[in-house]
Amino acid sequence: MSKKHKKMLARILLSALFLAAALLLNTEGYWRLAAYLVPYLIIGWDVLWRAVRNILHGQVFDENFLMALATAGAFATGEYPEAVAVMLFYQVGELFQSYAVGRSRQSIASLMDIRPDYANLEQNGELIKTDPDEISVGQTIVVKAGEKIPLDGVVLEGASNIDTAALTGESLPRAVQPGDDVISGCINQNGLLRVRVTKAFGESTVSKILDLVENSSSKKAKAENFISKFARYYTPAVVLSAVLLAVLPPLVLGGAWGEWLHRALIFLVISCPCALVISVPLSFFGGIGGASRQGILVKGGNYLESLAQAEIVVFDKTGTLTKGVFNVTAIHPGHISEAKLLELAALAESYSDHPISRSLKEAYGPTPDTSRVSDVEELSGHGVRVKIDGDAVCVGNDKLMEEIGVKWHPCHHVGTTVHVAVNGDYAGHIVISDEEKPDAKKAVAALKALGVKKTVMLTGDSRAVGESVGARLGLDEVDAELLPAGKVERVEQLLAQKSKNGKLVFVGDGINDAPVLSRSDIGIAMGAMGSDAAIEAADIVLMDDQPSKIASAIRISQKTRRIVYQNIVFALAVKLLVLVLGALGYANMWEAVFADVGVSVLAILNAMRALKSPPANQPQNPDTP
């Protein structure tokens with residue numbers, strides 16, 4: 001408990017002690033009033049003050065006003081013990097609420113521990129502790145064992161294991177060595193690392209994560225917005241109903257004014273909307289916190305709510321379902337040697353940083369001599385056209401060969417085929433293969449078990465490669481040989497196929513996926529390898545590269561939505577029942593206390609379950625209420 005919680009608990013215990021003493025003393029007259037006023041003011045002075053302050057500011061109808069009106073009215077009618085009890089149990093409910101919100105915030109605030117306090121800047125052989133904001137791209141920092149990595153960068157010297165649990169939820173450390181990328185927020189477990197900074201602090205991974213978390217509460221779910229609007233009209237309506245209940249029956253039926261006033265006060269206590277107003281946003285807050293523990297960052301409650309209705313899941317291939325690590329698996333030259341074919345391809349791709357380009361350069365070996373290359377022209381979705389030693393060289397896919405009128409032939413190997421043409425003559429092709437991620441097949445199976453009706457893969461690769469990967473992973477549909485614009489067009493078609501309430505989820509990692517991520521109902525970016533553009537455009541970010549986390553996110557979403565519905569139905573049903581009983585005179589102030597505080601406490605405890613992620617082996621039925 002925080003210091004604030006402990007103070008409130010002390011007030012509750014002290015007030016309860018004075019209430020017990022007043023009941024035992026059994027005094028009469030003004031002494032009886034004084035005996036009950038002491039515990040009432042101890043426990044309720046802040047509620048009374050907030051009610052008065054809000055009225056002065058024009059905010060009349062809220063829970064403070066209801067509690068103040070109901071308990072003051074109870075005192076006016078001589079129901080002193082009930083007045084103190086109502087305020088006492090209301091504050092017990094408030095303590096539960098505050099503690100629950102604190103727990104939810106703590107789960108998300110634990111991410112704030114990834115914020116680095118300093119960076120060790122290496123200057124003239126000395127280490128100077130510097131604010132990460134002041135470090136520039138290209139400077140070298142030193143990360144000692146046990147320290148947080150303050151900025152994104154590339155390891156220059158040293159080898160170590162880094163703890164990524166705060167970002168990805170994975171307990172297994174990752175080994176790094178010179179040449180490997182490291183991201184801010186991770187902890188260097190052992191060894192000394194010299195890191196060249198590649199991103200300023202404002203653009204670093206840790207900065208983006210903190211920004212996402214801090215702004216997640218601003219995007220409310222439909223259920224949250226509904227409850228906010230509901231409370232705005234509900235509270236004035238019940239106050240008016242209570243006034244009518246106190247006035248009309250005595251006038252029409254001729255009953256005792258005191259009896260109907262007491263019933264009206266009971267009606268007010270029962271009608272307090274605390275259970276709904278607090279438990280619904282708390283449920284979504286808890287769901288976002290539970291997801292963050294697994295390395296799943298949700299940008300708002302609206303996305304968490306929508307994810308429960310995922311009907312179609314569309315994947316990009318490279319870097320999402322596959323590792324994005326390409327290797328040259330076959331070289332088939334025409335009239336030149338294998339070495340010459342590979343050299344031409346590596347030189348042509350020397351200015352590109354595409355995964356296929358990197359694999360060609362790695363297979364070639366030495367650093368390509370770029371002085372031999374001129375007139376570089378990148379052809380989006382096709383390949384590249386350059387001049388090498390004065391010869392016109394085209395390197396790319398089937399479409400490029402057809403565009404330049406070169407006769408080519410397919411390869412019997414499954415993989416991405418890179419064709420090479422020199423001065424309009426076909427020189428041969430190179431086959432490059434990607435490897436599927438270990439959990440990709442499991443991820444597709446888990447999505448189907450959760451009720452996803454269709455899984456689709458979109459790729460710019462050849463149809464043979466796409467269909468081969470799709471068959472192995474168990475996907476329902478594969479669309480291959482797509483340009484970035486073609487992916488958006490295909491997503492538009494799939495959006496038209498889903499049901500009215502169903503959602504289309506797109507999962508990608510590359511910069512060319514940003515338009516599709518924005519167009520889909522819910523965009524999910526693979527965060528660790530994903531580009532900045534994809535992370536910015538996405539609604540949910542997976543901080544590791546495991547596609548199986550998509551199913552985990554849907555399970556969390558479904559559980560959170562189920563808890564919200566349970567709280568709404570339970571709170572409204574109990575309140576409606578006790579409201580009717582109170583109006584008819586069958587419920588007293590103690591039943592009213594249960595209908596308000598008891599329901600609130602139960603709803604809050606239920607909402608806190610959203611913090612705990614459901615087990616991966618127990619998929620939930622999205623249609624379960």
Quick one: pull up CD1 in Ile432 and CG in Asn327 and give me the separation to the nearest 0.5 Å. 9.0 Å
What's the spacing between Asp539 CG and Phe506 CZ if we round to 0.5 Å? 12.5 Å
Is the closest side-chain heavy-atom distance between Thr416 and Ile356 below 4.5 Å? yes
Pairwise distance NE2(His382) to CG(Asp398) - rounded to 0.5 angstrom: 10.5 Å
Can a donor-acceptor pair be found, under 3.5 Å and without considering hydrogens, that links the side chain of Asp479 to the backbone of Leu458? no
Let's go through Ile312 and Val452 carefully: what are the C-alpha distance in whole Å and the side-chain angles of both, what is the deciding distance for side-chain contact (heavy atoms from CB on, under 4.5 Å) to 0.1 Å, and is it a yes or a no? CA-CA 6 Å; Ile312 301 173; Val452 172; 5.9 Å; no
Distance check, rounded to the nearest 0.5 Å: Ser350 atom OG versus Lys361 atom NZ? 6.5 Å
Compare all side-chain heavy atoms of Asn397 with those of Val418 and state whether any distance is below 4.5 angstrom. no
Carboxylate-amine/guanidinium contact Asp476 Lys448, below 4.0 Å: yes
Nearest 0.5 Å, please: how far is CD1 in Ile524 from OH in Tyr303? 12.5 Å
Using a strict cut-off of less than 4.0 Å between a Lys/Arg side-chain nitrogen and an Asp/Glu carboxylate oxygen, indicate whether Lys454 and Glu477 qualify as a salt bridge. yes
If we only count heavy atoms from C-beta on, is the Ile296 to Ile540 side-chain gap below 4.5 Å? yes
Are Arg385 and Ile404 side-chain neighbours, meaning at least one heavy-atom pair lies under 4.5 Å? yes
For Leu151 and Lys199, work out which heavy atoms get closest and say how close. CD2-O, 3.9 Å
List the steps and the verdict of side-chain contact (heavy atoms from CB on, under 4.5 Å) for Leu495 and Arg519. CA-CA 9 Å; Leu495 282 167; Arg519 182 62 191 90; 3.3 Å; yes
Heavy-atom pair of closest approach, residues Val478 and Arg463: O-NH1, 4.1 Å
Looking at Ala392, is its backbone amide N or carbonyl O close enough to the side chain of Asn423 to form a donor-acceptor pair, meaning the two atoms are under 3.5 Å apart? yes
Heavy-atom pair with the smallest gap, counting every atom of Glu157 and Pro178: CA-CG, 4.3 Å
Do Cys394 and Val420 have side chains that get closer than 4.5 Å, going by heavy atoms? no
Can you classify the ring geometry of His429 versus His419 as parallel (below 30°), tilted (30 to 60°) or perpendicular (above 60°)? perpendicular
On a heavy-atom basis, which atom in Ala291 and which in Ile556 lie closest, and how many Å separate them? CA-CD1, 3.7 Å
Distance from Ile162 atom CD1 to Ile187 atom CD1, nearest 0.5 Å? 10.5 Å
Does any non-hydrogen side-chain atom of Leu341 lie less than 4.5 Å from one of Ile331? yes
Start with the C-alpha gap between Val314 and Val507, add the side-chain angles, then the distance that decides, and say whether side-chain contact (heavy atoms from CB on, under 4.5 Å) holds. CA-CA 6 Å; Val314 183; Val507 189; over 6 Å; no
Looking at the rings of Tyr426 and His335, which for Trp means the six-membered one, are their centres under 6.0 Å apart? no
Crowding at NZ, Lys498 (>12 non-hydrogen neighbours, <6.0 Å): yes
Ser184 backbone acceptor or donor facing Asp152 side chain under 3.5 Å: yes
Look at the side chain of Glu311 and the backbone N and O of Ser499, then say whether any donor-acceptor pair between them is shorter than 3.5 Å. yes
For Thr320, does its backbone N or O pair with a side-chain atom of Lys437 as donor and acceptor, under 3.5 Å? yes
Any donor and acceptor pair, going by atom type alone, linking the side chain of Lys399 with main-chain N or O of Glu481 inside 3.5 Å? yes
Under a 3.5 Å cutoff, is there a donor and acceptor pairing between the side chains of Ser433 and Thr329? yes
Is the shortest heavy-atom distance from the side chain of Leu475 to the side chain of Leu321 under 4.5 Å? yes
Test item: side-chain donor near acceptor, Arg472 and Ser468, under 3.5 Å: yes
Sidechain-backbone polar pair: Asn188 side chain, Gly191 backbone, donor-acceptor under 3.5 Å: yes
Report yes or no: does Ser557 contribute a side-chain atom to a donor-acceptor pair with the main-chain N or O of Leu304 at less than 3.5 Å? yes
Side-chain ion pair, Lys317 and Glu436, N-O less than 4.0 Å: no
Does Ser306 reach the main-chain N or O of Asn302 with its side chain, forming a donor-acceptor pair under 3.5 Å? yes
Kindly indicate, with the supporting measurements, whether the criterion side-chain contact (heavy atoms from CB on, under 4.5 Å) is fulfilled by Val154 and Val182. CA-CA 6 Å; Val154 178; Val182 290; over 6 Å; no
Can you tell me if CD on Gln497 sees more than 12 non-hydrogen neighbours from other groups inside 6.0 Å? yes
Are Arg609 and Gln566 close enough that a side-chain donor and a side-chain acceptor fall under 3.5 Å? yes
Nearest non-hydrogen partners of Leu193 and Val176, listed with the distance: CD1-CG2, 4.1 Å
Could you tell me if Arg555 and Gln558 have a donor-acceptor pair between their side chains, going purely by distance under 3.5 Å? no
Looking at side-chain heavy atoms only, is the closest gap between Val456 and Leu494 below 4.5 Å? yes
Could you check whether any side-chain N or O of Asp521 sits under 3.5 Å from a backbone N or O of Leu504, counting only pairs where one atom can act as donor and the other as acceptor? yes
Exercise: identify the closest heavy-atom pair between Asp180 and Ala175: OD2-O, 4.1 Å
Between Asp375, Val395, Leu344, which is the residue that forms a side-chain contact (heavy atoms from CB on, under 4.5 Å) with Ile388? Leu344
